[in-house]
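Encoded as structure tokens, the structure appears first; notes follow it.
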Amino acid sequence: MSSNLHPMLNVAIKAARAAGAIINRAALDIESVRISQKQVNDFVTEVDQASEQSIIETLLTAYPGHGILAEESGNAHGAKDSEFVWIIDPLDGTTNFIHGFPVYCVSIALSVRGKIEQAVVYDPTRNDLFTATKGRGAYVNERRIRVSKRTRLQECLIATGFPFRPGDNLQQYLQVMGDVMQRTAGIRRPGAAALDLAYVAAGFSDGFFETGLSPWDVAAGSLLVQEAGGLVGNFSGESDFLEQRECLAANPRIYAQLVSVVGKYSKFASVAAKQDAARGVASRKPGTPYDVAPELGDAVPAAADADTAPAAEAAADEAAAAPVSRRLTRIRKAPGTDL
């Protein structure tokens, strides 16, 4: 731990590393880990629970008057009326972990009066420690990080997460993914949202979008992105996203272009935009390719990729993003916003 870091961030780092040690020990013999199922495709292990307990004990030992919001135990621990609340995901990417797929992490954030001020995302498999303090920048292993500098969506690598819970609107998500896929260099689904956001902050990927997320999935990662110069919000581009179960993050230019593509699928979109999105989902027959770019008004060959996409399409994306970019500028300048 560094003496130059905020004291609360130092405590969070200590908690994350201790949890990471628990996870790494368990990963040596995954077959012996006891697994239960919270709901279909939503797993919890004894490692999640041990990791969470370790984190909570470390945090409350240092700050007994703080509150806790954790994935497995909710707000059962800590003070109930504190302005300081630690938001914890003890093992983000549990499904990856139980399969031995080495993409998972520990996520710890501190919310002060509703604003995220400290963040740690720790990847125990690579010993990568992502940290941020509000107003002090974002770092990985004490090296300053920044979001990518790409400005053309068709050159970007975008991360996402697939719906996996009963009741998730799979058809709409496939339409969203199809719209994004045909405008980018590629889409990835690593399986740990906190790490996805950390990678956007580090410039390893250019953007991220996902629905169905809880505060512990995105709290720490969102501060990393913002402190690395990026933007985070809901699909409509609004900054109040933490409790809204949809998250979009990218560098500012790509963020605006992504909003122009996925904004109509937001639950906060206008009625007309939602109707447009619904028509797209309803008109697509199962098994058919995504061959229409609704907001461009032109057909795009289903087999086209980022390398063969016409320049006209890129220009249309830029034009569509322009009003969104102007709106985001106004949002960023509005008093009291994180953007």
Side-chain angles (χ1 to χ4, degrees), residues 1-27 33 44-80 82-94 96-97 102-112 115-134 136-142 145 192-198 201 214-224 227 242:
M1 293 184 292
S2 171
S3 59
N4 296 325
L5 298 179
H6 191 286
M8 292 181 183
L9 184 62
N10 266 328
V11 172
I13 291 171
K14 178 182 177 182
R17 288 197 181 278
I22 292 171
I23 294 167
N24 278 341
R25 284 196 298 271
V33 173
V44 61
T45 72
E46 60 184 336
V47 180
D48 295 74
Q49 295 161 342
S51 173
E52 182 170 295
Q53 182 180 354
S54 172
I55 293 168
I56 291 171
E57 287 177 356
T58 300
L59 297 176
L60 292 184
T61 296
Y63 302 105
H66 286 193
I68 298 289
L69 176 61
E71 180 176 17
E72 307 307 334
S73 60
N75 59 0
H77 302 280
K80 300 298 185 284
S82 177
E83 294 181 331
F84 296 80
V85 179
W86 293 96
I87 304 174
I88 303 164
D89 193 332
L91 177 51
D92 187 22
T94 300
N96 285 348
F97 172 76
V103 181
Y104 42 81
C105 65
V106 178
S107 176
I108 304 173
L110 176 63
S111 172
V112 181
K115 302 292 183 181
I116 307 301
E117 295 201 354
Q118 309 291 339
V120 174
V121 172
Y122 179 53
D123 177 352
T125 69
R126 296 168 183 78
N127 196 28
D128 280 341
L129 182 72
F130 297 86
T131 60
T133 294
K134 191 173 180 64
R136 297 190 184 181
Y139 297 82
V140 58
N141 304 327
E142 301 185 359
I145 54 176
L195 203 53
D196 290 340
L197 287 165
S214 297
W216 46 79
D217 295 310
V218 296
S222 66
L223 183 62
L224 290 172
E227 288 298 315
L242 196 60

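The basis for the numbers below is simple: all heavy atoms, side chains too, and nothing from hydrogens, waters or symmetry mates.
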Worked check of side-chain contact (heavy atoms from CB on, under 4.5 Å) between Leu242 and Ile116: CA-CA 10 Å; Leu242 196 60; Ile116 307 301; 4.3 Å; yes

Shortest non-hydrogen pair, Ala138 vs Leu224, comes out as CB-O, 3.5 Å

Result for side-chain contact (heavy atoms from CB on, under 4.5 Å) between Tyr139 and one of Thr131, Thr133, Leu5 points to Thr131

Verify side-chain hydrogen bond (donor to acceptor under 3.5 Å, both in side chains) between Asp48 and Thr45, making sure each step is shown before the conclusion. CA-CA 5 Å; Asp48 295 74; Thr45 72; 2.6 Å; yes

For the residue pair Trp216 and Ile87, establish whether any side-chain heavy-atom pair is separated by less than 4.5 Å. yes

If every non-hydrogen atom of Val106 is compared with every non-hydrogen atom of Pro90, which pair is closest and at what distance? CG2-O, 3.6 Å

When rounded to the nearest 0.5 angstrom, what is the spacing between CZ in Phe130 and CD in Glu227? 15.5 Å

Just to verify, what does Asn141 make a side chain to side chain contact (heavy atoms under 4.5 Å, CB included) with, not counting sequence neighbours? Asp128, Leu129

Check against side-chain contact (heavy atoms from CB on, under 4.5 Å), Leu197 and Val218: CA-CA 8 Å; Leu197 287 165; Val218 296; 4.0 Å; yes

Given the rule in the side-chain contact (heavy atoms from CB on, under 4.5 Å) test, do Ile55 and Trp86 qualify, once you have shown the distances and angles that lead to the verdict? CA-CA 10 Å; Ile55 293 168; Trp86 293 96; over 6 Å; no

Once rounded to the nearest 0.5 Å, what's the spacing between atom CD of Gln49 and atom CD of Glu71? 10.5 Å

For a side-chain contact (heavy atoms from CB on, under 4.5 Å) check, start with the C-alpha distance between His6 and Val11, then their side-chain angles and the critical distance, and finish with the verdict. CA-CA 9 Å; His6 191 286; Val11 172; over 6 Å; no

Less than 3.5 Å apart, which donor and acceptor atoms pair up between the side chains of residues 16-25 and the rest of the protein, not counting sequence neighbours?
{"from": "Arg17", "atom 1": "NH1", "to": "Asn127", "atom 2": "OD1", "distance (Å)": "3.1"}
{"from": "Asn24", "atom 1": "ND2", "to": "Pro124", "atom 2": "O", "distance (Å)": "3.1"}

One should read off an interatomic distance between Gln53 CD and His77 NE2, to the nearest 0.5 angstrom, of 7.5 Å

Rounded distance [0.5 Å steps], CG in Asp217 versus CG in Leu195: 12.5 Å

What distance do Leu91 atom CG and Asn96 atom CG have between them, rounded to the nearest 0.5 Å? 9.0 Å

Minimum heavy-atom distance between Ser82 and Gly67, given as atom pair plus value: CB-N, 3.7 Å

To check you understand the geometry: which heavy-atom pair defines the closest contact between Pro102 and Arg126, and what is its length? O-NH1, 3.0 Å

Do the ring planes of Phe97 and Tyr104 sit parallel (below 30°), tilted (30 to 60°) or perpendicular (above 60°)? perpendicular

Close side-chain approach of Ile88 to Ile56, heavy-atom, < 4.5 Å: yes

